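Data block below; observations after.
Everything numeric in this text was worked out from a predicted model, so none of it was measured. Note: hydrogens, waters and symmetry copies are ignored here, and every other heavy atom, side chains too, is used.
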Amino acid sequence: MRRLIALMGVAITMSAAVACASGNDAGSGPRTIGMVNFTLGAPYFIGISKTVERAGDKAGVDVRVTDAKGDAATLTSNVSELLAQDVDGIIISGGPLEAAPAALNAIKQKGIPVVLVDRKFQTGEYTSWVGPDNTVLGKQDGEFIADKLGGKGKVAIIKGGPADNSIGIARTEGLKSVLDKQSGIEQVDAPDFGEWSSDGGLRVMENLLARHGDLGAVFCENDSMCLGAQKAIADAGKTDAIFLAGIDGQKEALAAIAAGGNYAVTGLNNAVEMGNAAYERLGAILDDGSTPEKDTVIPSPQITNDNVNEYYDPNSEF
């Protein structure tokens, strides 16, 4: 069962290649799709985008990639430009963007499908969404932390930000739904956001250690921040005292877990699997025109030192 998610990713890529290789129904040329990114400023989002590109290349599909560099107005302009190029469908990786109503409305008016991956926008109409259950990811970490601490200790929480980021909120709420029931566990919310990066996690962790020398565990809303936090903990000479729990299954985090140190757990939200799932979904819609499942949750197994070798791939895009 632990290998199921990996096998699903392989099957998705293969079925997408067959579907998309058939080209446009009208036979007017190779299929063209847009891969719209709110930001390519983090390994996770880069992994999703490159996976879609790679799947398209294998199937002879023209994948046109855009990067809004974190600006909502630019994302909307990117969508308009792709629509003017008569793409057959669009995938949107929204990153931390909460809504893009103008972009979704323009796609709807054009009459082509749009698949959202990872981020489900709060408003606007879309054809289909594929992504993780972020509350479950946080809950899994919470259960692991509570068990490893034996119900007693101090846990620091590093958030990515901004304050209204629904993905981060869901992950931390999942964590807290478990830890709030543990009377012997004290929770410390970092006062600053780690901005989803290793540099941010390092900075925030240094500040936490200066104020809380008795921490037993650290939860980060993604692996990148936890990797930075791990370095800060090592620099402070507290590796043996503090363990880390992250989310996403970034390959550097999996390597750290495999090494048997204080990076103890993560939840799989792999960018490659997300990219493959989005590409397969759009390909299926374009291939047969059927009504797809509206929302599809991709399984997110917990990864520890016990099973990390089943998921770790040093050559992975993410």
Answer yes or no: is there a donor N or O on one side and an acceptor on the other, between the side chain of [X] and the main chain of [Y], under 3.5 Å?
| X | Y | answer |
| --- | --- | --- |
| Ser224 | Ser197 | no |
| Asp88 | Ile33 | no |
| Asp133 | Val136 | yes |
| Arg281 | Asn276 | no |
| Asn105 | Pro101 | yes |
| Ser316 | Tyr312 | no |
| Trp196 | Gly161 | yes |

[X] side chain near [Y] side chain, heavy-atom distance below 4.5 Å:
| X | Y | answer |
| --- | --- | --- |
| Leu215 | Met205 | yes |
| Val204 | Met225 | no |
| Val36 | Val65 | no |
| Gln230 | Leu227 | yes |
| Ile157 | Lys159 | yes |
| Leu82 | Thr66 | yes |
| Ile247 | Phe219 | yes |
| Arg171 | Asn222 | yes |

Euclidean distance, [Y] [atom2] relative to [X] [atom1], rounded to 0.5 Å:
| X | Y | atom1 | atom2 | result |
| --- | --- | --- | --- | --- |
| Ile257 | Asp306 | CD1 | CG | 11.0 Å |
| Asp248 | Asn269 | CG | CG | 4.5 Å |
| Tyr311 | Gln302 | OH | CD | 10.0 Å |
| Glu98 | Lys120 | CD | NZ | 12.5 Å |
| Leu175 | Cys220 | CG | SG | 10.5 Å |
| Leu40 | Ile48 | CG | CD1 | 10.0 Å |

Evaluate Thr172 against Glu221 for side-chain contact (heavy atoms from CB on, under 4.5 Å), listing each step before the verdict. CA-CA 7 Å; Thr172 292; Glu221 289 180 343; 2.5 Å; yes

Do [X] and [Y] share a hydrophobic cluster (ILVMFWY, side-chain heavy atoms under 4.5 Å, transitive)?
| X | Y | answer |
| --- | --- | --- |
| Val87 | Val79 | yes |
| Ile92 | Leu282 | no |
| Tyr263 | Ile303 | yes |
| Trp129 | Val114 | yes |
| Val265 | Val178 | no |

Under the 6.0 Å and 45° cation-pi test, does Lys294 pair with Tyr126?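 Cation-pi check for Lys294 and Tyr126: passes.
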
Check the pair Ile233, Asn262 against side-chain contact (heavy atoms from CB on, under 4.5 Å), reporting the backbone distance first and the verdict last. CA-CA 10 Å; Ile233 291 168; Asn262 65 333; 3.9 Å; yes

Presence of salt bridge, [Y] and [X], under 4.0 angstrom:
| X | Y | answer |
| --- | --- | --- |
| Lys108 | Glu125 | yes |
| Lys231 | Asp235 | yes |
| Asp67 | Lys69 | yes |
| Lys110 | Asp86 | yes |
| Lys251 | Glu317 | no |

Considering all heavy atoms, the nearest [X]-[Y] contact:
| X | Y | answer |
| --- | --- | --- |
| Phe121 | Leu116 | N-CD1, 3.8 Å |
| Pro132 | Asp118 | CD-OD1, 3.7 Å |
| Val63 | Gly56 | CG2-CA, 3.8 Å |
| Gln140 | Ser300 | OE1-O, 3.0 Å |
| Pro113 | Leu286 | CG-CD2, 3.7 Å |
| Ile107 | Leu83 | N-CD1, 3.9 Å |

Quick check: are there more than 12 heavy atoms from other residues, nucleotides or ligands sitting under 6.0 Å from NZ of Lys154?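 Atom NZ in Lys154 is packed in, count exceeds 12.
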
Apply side chain to side chain donor-acceptor pair (under 3.5 Å) to Thr32 and Gln85, showing your working. CA-CA 9 Å; Thr32 303; Gln85 297 168 29; over 6 Å; no

Stepwise, does the side-chain contact (heavy atoms from CB on, under 4.5 Å) test hold for Asp192 with Arg203? CA-CA 9 Å; Asp192 303 314; Arg203 169 179 50 80; 4.0 Å; yes

Looking only at side-chain N and O atoms, does Arg119 offer a donor or acceptor that is under 3.5 Å from a partner on Asn165?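 A donor-acceptor contact under 3.5 Å links the two side chains.
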
Testing the 3.5 Å rule here: is there a donor-acceptor pair between the side chains of Thr74 and Asp71?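 Yes.
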
May I have all residue pairs that pass ring pair (Phe, Tyr, Trp, His ring centres under 6.0 Å) and include part of residues 73-100, sequence neighbours excluded?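 Sorted pair list comes back empty.
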
Please list all pairs meeting ring pair (Phe, Tyr, Trp, His ring centres under 6.0 Å) that have one or both residues in residues 42-92, counting only residues at least two apart or in different chains.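 Passing the test, one end in residues 42-92: Tyr44-Phe318.
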
Please report the C-alpha distance between Val52 and Arg54 in whole Å, then the side-chain angles of each, then the deciding distance to 0.1 Å, and finally whether the side-chain contact (heavy atoms from CB on, under 4.5 Å) criterion is met. CA-CA 5 Å; Val52 172; Arg54 185 173 58 249; over 6 Å; no

Table please: side-chain donor-acceptor pairs of residues 237-244 below 3.5 Å, with sequence neighbours left out.
unit_1	atom_1	unit_2	atom_2	d
Lys238	NZ	Gly213	O	3.2

